[in-house]
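Below is one structure, written out as structure tokens; comments come after it.
Values below: every heavy atom of this structure, side chains too, minus hydrogens, waters and symmetry copies.
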Amino acid sequence: MTSLTLNGQAQRCTADPNTPLLWVLRDELGLTGTKFGCGMAQCGACTVHLNGNAVRSCVMPLASAAGAQLNTIEGLANDPVGRAVMDAWVETDVAQCGYCQSGQVMSAVALLKSTKKPSDAQIDAAMAGNLCRCGAYMRIRAAVHAAAAKLA
């Protein structure tokens, strides 16, 4: 049994401790907002926050999250930075297919929690691990700037 705090709630997981966190979230806990993309931590679709840091859940074993604070896209609505980013995403009309967007949003939130007014270069660096097949990178950058302005 592995215990962790997920989106502010205590959770106990019965999965094997070596199971990738992504599959525990989706299959055991029913949180399907975190997506499977590549399975090799290269695309960012599976991004979650572990103790405030953006991490790739597809390669992280459940054991690495034991006792940690874990946040997923489902938990962002009650977070002021998460809410600002999600609102900016909608207002900026970022998503096309939408598949990568939960990972994109999670990376943007992690950036804005550490850097209140990021430059284009800082945004590009923070978002570099998140691939968008639709090529919405300019709108993603604009949405991060819009969210930062809302939070200022």
Side-chain angles (χ1 to χ4, degrees), residues 1-92 94-95 98-119 121-132 140-141 143-152:
M1 193 74 68
T2 302
S3 298
L4 52 92
T5 302
L6 176 62
N7 297 327
Q9 302 293 317
Q11 294 286 333
R12 296 185 67 147
C13 304
T14 60
D16 182 292
N18 293 316
T19 302
L21 184 57
L22 171 66
W23 300 117
V24 175
L25 292 171
R26 293 181 61 82
D27 296 342
E28 183 173 336
L29 300 173
L31 299 176
T32 58
T34 304
K35 303 298 184 199
F36 174 79
C38 66
M40 300 180 300
Q42 299 296 306
C43 73
C46 67
T47 302
V48 297
H49 294 169
L50 184 70
N51 295 328
N53 297 309
V55 298
R56 305 301 188 251
S57 64
C58 69
V59 295
M60 176 173 285
L62 173 60
S64 295
Q69 296 284 331
L70 182 67
N71 291 306
T72 67
I73 191 76
E74 290 90 349
L76 287 185
N78 297 322
D79 176 274
V81 177
R83 180 82 265 152
V85 170
M86 289 189 296
D87 289 347
W89 239 248
V90 171
E91 292 163 9
T92 310
V94 170
Y99 196 81
C100 68
Q101 295 308 301
S102 63
Q104 300 275 2
V105 167
M106 295 302 288
S107 291
V109 169
L111 169 64
L112 291 175
K113 286 190 175 201
S114 67
T115 307
K116 301 300 180 203
K117 191 173 191 244
S119 66
Q122 289 171 311
I123 293 169
D124 292 348
M127 304 304 289
N130 294 82
L131 301 179
C132 175
I140 290 167
R141 186 190 297 155
V144 173
H145 282 302
K150 284 182 181 206
L151 293 164

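- Contact check for V48 versus L22: no side-chain heavy atoms found under the 4.5 Å cut-off.
- Interatomic distance, NZ of K117 versus CD of Q122, reported as 10.5 Å (0.5 Å rounding).
- Using a 4.5 Å heavy-atom cutoff, the side chains of P118 and L112 are in contact.
- Residues E91 and K150 meet the side-chain proximity criterion, which asks for heavy atoms closer than 4.5 Å.
- Put simply, the side chain of H49 gets close to the backbone of M106: a donor and an acceptor are under 3.5 Å apart.
- Minimum interatomic distance between R56 and T47 (heavy atoms only, all atoms of both residues): NH1-OG1, 2.9 Å.
- Here the closest heavy-atom approach between residue C38 and residue A41 is recorded as SG-N, 3.6 Å.
- Summarising the geometry of G37 relative to C43, their closest heavy-atom pair is CA-SG, 3.6 Å, with the distance given to 0.1 Å.
- A pairwise comparison of heavy atoms in G44 and N130 identifies O-ND2, 3.3 Å as the closest pair.
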task: Starting from the C-alpha separation in whole Å, work towards a yes-or-no answer on salt bridge (Lys or Arg N to Asp or Glu O under 4.0 Å) for D87 and R83.
output: CA-CA 6 Å; D87 289 347; R83 180 82 265 152; 3.2 Å; yes

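- One distance of note links OG1 of T72 with CZ of R26; it measures 11.5 Å at 0.5 Å rounding.
- In this structure, OG in S107 is found 9.0 Å from CG in L111, a value given to the nearest 0.5 Å.
- The two atoms that bring V24 and C13 nearest to each other are CG1-SG, 3.8 Å, heavy atoms only.
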- prompt: Does the side chain to side chain contact (heavy atoms under 4.5 Å, CB included) test come out yes or no for L29 and Q11, once each step is laid out?
  reply: CA-CA 9 Å; L29 300 173; Q11 294 286 333; 3.5 Å; yes

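- In this structure, CG on N7 lies 10.0 Å from CG on D79, to the nearest 0.5 angstrom.
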- prompt: For K35 and S102, what are the C-alpha separation, side-chain angles and deciding distance, and is it a side chain to side chain contact (heavy atoms under 4.5 Å, CB included)?
  reply: CA-CA 8 Å; K35 303 298 184 199; S102 63; 4.0 Å; yes

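- Here CG of L6 is found 5.5 Å from CG of L31. Values are rounded to the nearest 0.5 Å.
- L151 places none of its side-chain heavy atoms less than 4.5 Å from the side chain of K116.
- Side-chain contact between W23 and E28 is absent, with no heavy-atom pair separated by less than 4.5 Å.
- Checked by atom type and distance alone, the side chain of T92 pairs as donor or acceptor with a backbone atom of A88 at under 3.5 Å.
- Q42 places a side-chain N or O within 3.5 Å of a backbone atom of M40 that can act as its donor or acceptor partner.
- If you check the side chains of R12 and T2, you find no donor sitting under 3.5 Å from an acceptor.
- Annotation for I140 and M127: closest pair CG2-CE, 3.9 Å, computed over non-hydrogen atoms.
- Distance check: F36 CZ to C46 SG gives 8.5 Å after rounding to the nearest 0.5 Å.
- No option in T5, V55, N51, L25 other than L25 meets the side-chain contact (heavy atoms from CB on, under 4.5 Å) test with L70.
- A heavy-atom distance below 4.5 Å is not found between the side chains of D27 and T19.
- Using a distance-only test at 3.5 Å, with no hydrogens or angles considered, no donor-acceptor pair links the side chain of T14 to the main chain of M1.
- Residues L62 and L4 form a side-chain contact, since some pair of their non-hydrogen atoms from C-beta on lies under 4.5 Å apart.
- Using a 4.5 Å cut-off on side-chain heavy atoms (C-beta onward), R141 and D124 make contact.
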